[in-house]
Amino acid sequence: MNKYGEITLCRRSKTHDSIGQEIISTTVTQTIQCTVRSITRSEMITARQIGYDPEIEADVFAASYNGEPFAQYNGKLYEIYRTYQAGDKTELY
């Protein structure tokens, strides 16, 4: 089932405070329109073989995606482990 909504593309950076503790901050780069689909069985099997636990696939316009490694959807932060260019769309997994 396809759902239409918005996905927020993000980057993360690491810094250190005055006593050397690592601080991870998330920087929002942009919020864009997307179509969200369930992961297929073959994608689930392939991703688990390389150590990922896929949950969603989001289709966005290719011109909107600039290689961000993270995406936030419905309040949850996801790591983008694979992309696929399909015409004018990019599939984010």
Side-chain angles (χ1 to χ4, degrees):
M1 182 169 122
N2 294 344
K3 293 182 184 178
Y4 302 96
E6 292 184 337
I7 195 166
T8 303
L9 301 174
C10 309
R11 294 192 183 280
R12 278 192 164 171
S13 59
K14 294 179 184 178
T15 57
H16 293 87
D17 64 11
S18 60
I19 59 172
Q21 294 175 325
E22 188 173 79
I23 300 171
I24 298 174
S25 60
T26 301
T27 304
V28 171
T29 59
Q30 62 181 324
T31 300
I32 57 176
Q33 298 295 313
C34 70
T35 304
V36 176
R37 294 188 279 190
S38 298
I39 296 293
T40 63
R41 182 178 299 154
S42 62
E43 178 67 27
M44 179 78 68
I45 292 167
T46 303
R48 286 189 172 167
Q49 288 175 345
I50 58 172
Y52 290 100
D53 188 19
E55 294 184 37
I56 62 171
E57 173 195 338
D59 294 343
V60 300
F61 286 108
S64 300
Y65 180 67
N66 297 308
E68 292 87 352
F70 298 96
Q72 188 171 8
Y73 179 71
N74 282 346
K76 186 172 180 182
L77 188 66
Y78 295 94
E79 180 180 2
I80 299 171
Y81 67 91
R82 183 172 84 85
T83 62
Y84 178 74
Q85 183 78 32
D88 64 342
K89 302 243 179 183
T90 298
E91 298 173 1
L92 310 176
Y93 294 88

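The structure displayed is predicted, hence computed values, not measured ones.
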>> Which heavy atom of T29 sits nearest to which heavy atom of C10, and what is that distance?
In response: OG1-N, 4.1 Å

> Do you know the tightest heavy-atom contact between T83 and I80?
Replying inline: CG2-CG2, 3.9 Å

> About how many Å separate CG of N74 and NZ of K3, when rounded to the nearest 0.5 Å?
Replying inline: 7.0 Å

> Do side-chain atoms of Q85 reach the backbone of G87 as a donor and acceptor pair under 3.5 angstrom?
Replying inline: yes

>> Below 30° counts as parallel, above 60° as perpendicular, anything between as tilted: where do the rings of Y93 and Y81 land?
In response: tilted

> Can Y4 be reached from Y73 by stepping across I, L, V, M, F, W or Y side chains whose heavy atoms are under 4.5 Å apart?
Replying inline: no

> Are any of the side-chain heavy atoms of L92 and L9 separated by less than 4.5 Å?
Replying inline: yes

>> Taking side-chain contact (heavy atoms from CB on, under 4.5 Å) as the criterion, tell me which of I39, T40, I45 meets it with S42.
In response: T40

>> Please give me the minimum heavy-atom distance between M44 and D53, naming the atom from each residue.
In response: SD-OD1, 4.3 Å

> Does any N or O in the side chain of T35 come within less than 3.5 Å of the main-chain N or O of D59, such that one atom is a donor and the other an acceptor?
Replying inline: no

>> For a quick test of reading the model, state the closest non-hydrogen atom pair linking I32 to S64 and the distance between them.
In response: CD1-CB, 3.7 Å

> Less than 4.5 Å apart, any side-chain heavy atom of Q72 and any of Y78?
Replying inline: no

> What is the minimum heavy-atom distance between V60 and Q33, and which atoms define it?
Replying inline: CG1-O, 3.9 Å

>> Under the salt bridge (Lys or Arg N to Asp or Glu O under 4.0 Å) test against E43, which residue among R37, R82, R48 passes?
In response: R82

> Where do F70 and E79 come nearest, in terms of heavy atoms and distance?
Replying inline: CD2-CA, 3.8 Å

> Just by distance, do the side chain of Y65 and the backbone of E68 share a donor-acceptor pair under 3.5 Å?
Replying inline: yes

> Do any N or O atoms from the side chain of E91 and from the backbone of E57 form a donor-acceptor pair under 3.5 angstrom?
Replying inline: no

